[in-house]
Each structure stands twice: as structure tokens, then as C-alpha cells.
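Everything on this sheet refers to the single structure shown next.
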Amino acid sequence: DGSAASIIQNHLLNNQEELQPQTQFVFLDHDKDMYLYDYQQFHNRGLLQSSSVVVADNVIFADIIDYQTFVKDLALSSLENSKENSAAAKKIVTTKTIDCMVEYSSSESMKYGVERLKDGVEVTEYL
């Protein structure tokens, strides 16, 4: 398939000697309807490992609830699994939403009001 994860995985496999390629940083700031799909592609292909960080932009302003729900559920289940199984402790995922304003919005905040321009980034880390 032509997903970002597929392209990066192929590049990593072709250009590294590691058996398991890893992506350390992913910044999602594209078609908002594709955030969840692309994140799942990276996750399911094993490209996100310990020390990987995924930052998703505009999650509040664009109302990307499916993505936020998925990563929050993943973090919760990884924490629960780590309590039950010490081997699962290596796969702990944390996520948090950091409040901010829509980029380039300082002049618009006076015109439209601050409430309309609230935004956030979702930062998901693999520990």
C-alpha cells in the first residue's frame, strides 16, 4: 500500500541492517481524517518501539476524537497489561494532550475570540 508507514518501513528495511526498523519521531499534521489510520499503520507494523514519540497536531481544533480515543485507550491498556505481566512492561505507552492555540492565530483571537481558536497537540510516547 502507499501509506506513509509502508513507505518509511520499506526505506528503513532497505537502508538499515537492523532486523526490526524503528521510527523515533512521527509528526502528524496532514489530512485530519487520516491521523488514526496512519498511526495504526506505524503501530501495527512495529515501527513504534521504546523511545518512539508521535505528535499529532490540531487534535482539539479539528476535533479528531477517534485518534485521541484510540491512543488514550492504547495507553490505558498498556498500563493495565504491564501490571499483570512484567514482559508487557516494555510496551508501555503514555499519551497526553497539550493545550495550545491554533498556529498563526494571535491576530485572529482578537477578531474571533480565544475560545474559537483553542487547539491541542497529542503527544504519545513509547517507554
Side-chain angles (χ1 to χ4, degrees):
D1 77 80
S3 70
S6 173
I7 292 166
I8 290 172
Q9 183 179 34
N10 288 337
H11 172 76
L12 291 172
L13 287 172
N14 291 330
N15 293 297
Q16 292 186 5
E17 296 180 17
E18 295 179 31
L19 293 176
Q20 176 60 48
Q22 175 183 345
T23 302
Q24 294 202 313
F25 183 78
V26 176
F27 183 65
L28 299 173
D29 189 24
H30 61 303
D31 180 350
K32 308 312 182 206
D33 293 332
M34 296 299 293
Y35 276 27
L36 179 57
Y37 174 80
D38 285 341
Y39 176 84
Q40 288 172 326
Q41 292 299 307
F42 278 95
H43 179 79
N44 294 342
R45 292 169 189 266
L47 293 170
L48 302 172
Q49 298 290 323
S50 178
S51 79
S52 292
V53 177
V54 180
V55 176
D57 197 18
N58 306 120
V59 295
I60 294 174
F61 184 76
D63 201 27
I64 310 174
I65 294 171
D66 64 339
Y67 176 83
Q68 287 185 286
T69 300
F70 181 85
V71 294
K72 287 177 182 182
D73 287 348
L74 179 66
L76 183 60
S77 68
S78 75
L79 184 59
E80 289 171 357
N81 288 340
S82 70
K83 290 178 182 176
E84 296 171 10
N85 179 355
S86 62
K90 297 178 183 177
K91 294 281 190 177
I92 293 179
V93 177
T94 65
T95 194
K96 63 184 169 187
T97 305
I98 300 172
D99 294 329
C100 60
M101 300 292 287
V102 173
E103 56 265 38
Y104 316 113
S105 64
S106 60
S107 61
E108 286 84 5
S109 66
M110 296 180 84
K111 183 177 179 181
Y112 299 112
V114 173
E115 287 299 313
R116 263 185 80 191
L117 300 172
K118 284 188 176 181
D119 198 4
V121 293
E122 189 74 27
V123 179
T124 305
E125 297 180 72
Y126 285 66
L127 305 177

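Keep in mind that what you see is a predicted model, and the values were worked out from it rather than measured.
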Response to the item:
Closest non-hydrogen atoms of Lys118 and Val102, given as atom of the first, atom of the second and distance, are O-CG2, 4.3 Å
Worksheet item: With the 4.5 Å side-chain cut-off for hydrophobic clustering, are Ile65 and Leu36 part of the same group?
Response: no
Worksheet item: Do Met101 and Phe61 come within less than 4.5 Å of each other through their side chains, counting heavy atoms only?
Response: no
Response to the item:
Rounded to the nearest 0.5 Å, the CG atom of Leu47 sits from the CD atom of Gln41 at a distance of 9.5 Å
Worksheet item: Is the side chain of Thr69 donor-acceptor paired with the backbone N or O of Asp66 at a distance under 3.5 Å, no angle test?
Response: no
Item to complete: Find the distance between OG1 (Thr124) and NZ (Lys72) and round it off to the nearest 0.5 Å.
Response: 9.5 Å
Discussion item. Regarding Ser52 and Gln24, do their side chains bring together a donor and an acceptor under 3.5 Å, going by distance alone?
Written reply: no
Practice prompt. Report whether Leu79 and Leu127 are members of the same hydrophobic cluster (ILVMFWY, side-chain heavy atoms less than 4.5 Å apart, transitive linking).
Written response: no
Worksheet item: What are the two closest heavy atoms between Asp119 and Val59, and how far apart are they?
Response: OD1-N, 3.5 Å
Item to complete: Decide whether Ile64 and Ile98 are clustered together by the hydrophobic rule: side chain heavy atoms of Ile, Leu, Val, Met, Phe, Trp, Tyr closer than 4.5 Å, transitively.
Response: no
Item to complete: Mind checking the CD1-CD spacing from Ile60 to Glu122? Nearest 0.5 Å is all I need.
Response: 8.5 Å
Worksheet entry | Gap between atom CG of Asp57 and atom CG of Asp29 - 0.5 Å precision | 4.5 Å
Item to complete: Group every Ile, Leu, Val, Met, Phe, Trp and Tyr by side-chain heavy-atom contacts under 4.5 Å, then state whether Phe25 and Val121 land in the same group.
Response: yes
Item to complete: For Thr95 and Leu74, run side-chain contact (heavy atoms from CB on, under 4.5 Å): C-alpha distance rounded to whole Å, both residues' side-chain angles, the deciding distance at 0.1 Å, then the answer.
Response: CA-CA 9 Å; Thr95 194; Leu74 179 66; over 6 Å; no
Worksheet entry | Shortest non-hydrogen contact between Leu48 and Thr23, atoms and distance | CD2-O, 4.2 Å
Worksheet entry | For Ser50 against Gln22, the heavy-atom pair lying closest together | O-NE2, 2.9 Å
Worksheet item: Do you know the tightest heavy-atom contact between His43 and Tyr126?
Response: ND1-OH, 2.6 Å
Worksheet item: Looking only at heavy atoms, which two atoms of Gln40 and Phe70 are closest? And how far apart?
Response: NE2-CE1, 3.4 Å
Worksheet item: Hey, what's the ring geometry for Tyr39 with Tyr67, parallel, tilted or perpendicular (30° and 60° as the breaks)?
Response: perpendicular
